[in-house]
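Side-chain atoms are counted along with the backbone in the values below, which use heavy atoms only and exclude waters and symmetry mates. In the text below, chain A, chain B and the rest are named by the order of the sequence lines, each starting its count at 1.
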There are 2 protein chains.
Amino acid sequence: MMELTRKGEYAIRGIIYLAQQPPGRVSLISEIAAAAEVPQTFLAKIFQSFAKLGLVTSSRGTGGGFVLARPASAITLREVVEAVEGPILPNRCLLGSACDRGGPCRVHAVWKQVQTEVVHILDGVTIDTLARNPEH
Amino acid sequence: MMELTRKGEYAIRGIIYLAQQPPGRVSLISEIAAAAEVPQTFLAKIFQSFAKLGLVTSSRGTGGGFVLARPASAITLREVVEAVEGPILPNRCLLGSACDRGGPCRVHAVWKQVQTEVVHILDGVTIDTLARNPEH
DNA sequence: CACCTTTAGGACCAATTTGATCCCTTTTAT
DNA sequence: ATAAAAGGGATCAAATTGGTCCTAAAGGTG
């Protein structure tokens with residue numbers, strides 16, 4: 001359980017590639033897809049999400065492409081993952097104030113703790129760290 | 001992301017009910033399903049998994065049903081969740097020694113850390129604790 | 001302007017997973 | 001024998017995942 005989907009994997013691989021480019025260099029989606037070994041049309045959708053959320057800036061037309069919107073050191077793994085997979089919610093009952101059967105359910109506090117821990121870990125990792133990581 | 005499925009929710013609700021019964025008391029699947037407000041046939045499958053894994057003992061025929069195989073204080077939330085959802089694996093690459101593209105991937109260590117933390121949290125919660133929890 | 005390049009966005013689709021249900025078999029007590 | 005349970009397999013609809021395709025929009029260039 002708790003598995004990252006392909007979309008999440010592709011998102012991470014793609015943005016790491018961007019982070020490895022010289023600052024300010026524009027990359028085509030075709031280039032990123034080839035480098036990250038990811039289906040191009042699928043990756044295009046992922047980068048659309050990134051652009052909407054302000055993780056990357058996109059430009060169209062000749063010379064267009066994608067650049068990180070912020071330094072890689074200011075983009076966390078959590079942001080990237082949540083951009084495509086949605087918020088980290090181990091159990092539905094973390095959403096509303098009450099579980100489905102009246103009052104917070106018995107395991108509510110446990111899931112809350114899991115959520116907090118995972119968010120904390122993913123917030124502590126930046127794309128810059130991953131991009132520089134020699135462990136390849 | 002990281003959401004528990006219905007199966008996981010049902011599993012937890014069902015085993016908590018069992019833990020709330022007087023020690024040694026046999027419960028019918030129909031009774032558990034009604035109390036936990038879970039589809040009976042679906043819950044039956046879940047309890048089959050429990051029985052196979054030795055979390056509960058089952059007996060057939062008149063007077064048959066389910067009982068916890070161990071004291072509720074000796075059954076962890078992790079066991080219950082993993083019984084129906086499979087092992088806690090945030091990323092596929094935690095499975096084999098290498099990621100799909102040669103060598104451990106850049107995020108490998110992060111997912112390993114997430115896995116370790118979640119397992120630790122869920123191992124620290126017993127069904128007994130949940131069953132007694134006044135927060136309902 | 002016309003034309004090419006590139007992302008944006010929507011529609012669509014196949015495969016897989018999820019969430020069940022049904023039916024028949026096996027075991028066990030009476 | 002018979003009734004009462006769980007065991008196990010087949011089946012199925014709905015949702016999600018993983019992707020493709022096509023057209024539109026935007027931005028450079030001659």
Side-chain angles (χ1 to χ4, degrees), chain A residues 1-15 18 25-34 36-69 81 83-87 89 91-92 100, chain B residues 1-15 18 25-34 36-69 81 83-87 89 91-92 100:
Chain A
M1 78 166 295
M2 315 197 89
E3 275 190 38
L4 198 69
T5 64
R6 295 286 162 109
K7 203 158 138 190
E9 273 186 51
Y10 295 167
I12 296 168
R13 297 222 293 250
I15 207 163
L18 253 201
R25 175 162 174 238
V26 174
S27 302
L28 299 184
I29 195 69
S30 55
E31 176 193 340
I32 306 170
E37 295 176 54
V38 159
Q40 178 177 332
T41 55
F42 199 19
L43 191 66
K45 298 297 186 186
I46 292 169
F47 270 70
Q48 268 182 42
S49 309
F50 285 167
K52 270 189 195 161
L53 289 164
L55 296 182
V56 305
T57 51
S58 64
S59 46
R60 304 201 227 187
T62 312
F66 296 92
V67 195
L68 291 186
V81 169
V84 296
E85 305 258 27
L89 290 173
N91 191 264
R92 296 171 180 84
D100 46 346
Chain B
M1 80 166 294
M2 314 198 90
E3 275 191 39
L4 198 69
T5 64
R6 295 286 163 114
K7 203 159 140 190
E9 273 185 50
Y10 296 167
I12 295 169
R13 298 222 293 250
I15 208 164
L18 253 202
R25 176 161 173 241
V26 173
S27 302
L28 299 185
I29 195 71
S30 54
E31 176 193 340
I32 306 170
E37 296 176 52
V38 159
Q40 177 177 334
T41 55
F42 198 20
L43 191 65
K45 298 297 187 187
I46 293 170
F47 270 70
Q48 267 183 42
S49 309
F50 285 166
K52 270 188 195 160
L53 289 163
L55 297 182
V56 305
T57 51
S58 64
S59 46
R60 304 202 229 186
T62 313
F66 296 92
V67 195
L68 290 186
V81 169
V84 296
E85 306 257 27
L89 290 174
N91 191 265
R92 296 171 180 81
D100 45 347

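- In this model, the phosphate group of C/dA8 is approached by a side-chain N or O of A/Ser58 to a distance below 4.0 Å at OP1 or OP2.
- Rounding to the nearest 0.5 angstrom, the gap separating the CG atom in A/Asn91 from the CD atom in B/Glu3 is 7.5 Å.
- Rounding to whole angstrom units, NZ of residue B/Lys7 and P of D/dT16 are separated by 17 Å.
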**OP:** Can you check each nucleotide of nucleotides 20-26 of chain D against protein heavy atoms at under 4.0 Å and return B for base, S for sugar-phosphate only, - for none, in 5' to 3' order?
**Re:** B----BB
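- Between the CG atom of A/Leu43 and the P atom of C/dG9 there is a distance of 16 Å, given to the nearest Å.
- Nucleic acid contact for B/Phe47: none, since no nucleic acid atom lies under 4.0 Å from a heavy atom of the residue.
- Rounded to an integer number of Å, the gap from A/Ile29 CD1 to D/dG19 P is 14 Å.
- Neither OP1 nor OP2 of D/dA6 sits under 4.0 Å from any side-chain N or O of B/Gln48.
- Of the residues near DNA chain C, A/Gly63 and B/Thr5, the one whose nearest nucleotide (by heavy atom distance) lies more toward the 5' end is A/Gly63.
- Within the 4.5 Å cutoff, the side chain of A/Phe47 has heavy atoms near those of the A/Leu18 side chain.
- B/Glu31 has its CD atom 15 Å from the C1' atom of D/dA6, to the nearest Å.
- Per the geometry, CG belonging to B/Leu28 stands 16 Å off P belonging to C/dT28, to the nearest Å.
- Looking at A/Ile15 and A/Leu68, their side chains come closer than 4.5 Å, going by heavy atoms from C-beta outward.
- Across the interface with DNA chain D, nearest-nucleotide mapping of A/Gly8 and A/Ser59 shows A/Gly8 to be the residue nearer the 5′ end.
- Residue A/Phe66 contributes atom CZ, which lies 18 Å from atom P of C/dT5 at whole-angstrom precision.
- By the side-chain hydrogen bond (donor to acceptor under 3.5 Å, both in side chains) test, B/Thr5 pairs with B/Glu85, sequence neighbours left out.
- For the pair B/Glu3 CD and C/dT18 C1', the computed distance is 13 Å after rounding to whole Å.
- In terms of phosphate contacts, A/Tyr10 brings no side-chain nitrogen or oxygen within less than 4.0 Å of OP1 or OP2 of D/dG18.
- Using a 4.5 Å heavy-atom cutoff, the side chains of B/Leu4 and B/Ile12 are in contact.
- Side-chain contact check for B/Ser58 versus B/Phe50: every heavy-atom pair is 4.5 Å or farther apart.
- Using a 4.0 Å heavy-atom cutoff across all strands shown, A/Phe50 reaches no nucleic acid atom at all.
- Taking B/Arg25 as the reference, B/Gln21, B/Glu31 meet the side-chain hydrogen bond (donor to acceptor under 3.5 Å, both in side chains) condition, with sequence neighbours excluded.
- In this structure, B/Leu4 places its CG atom 18 Å from P of C/dT17, rounding to the nearest Å.
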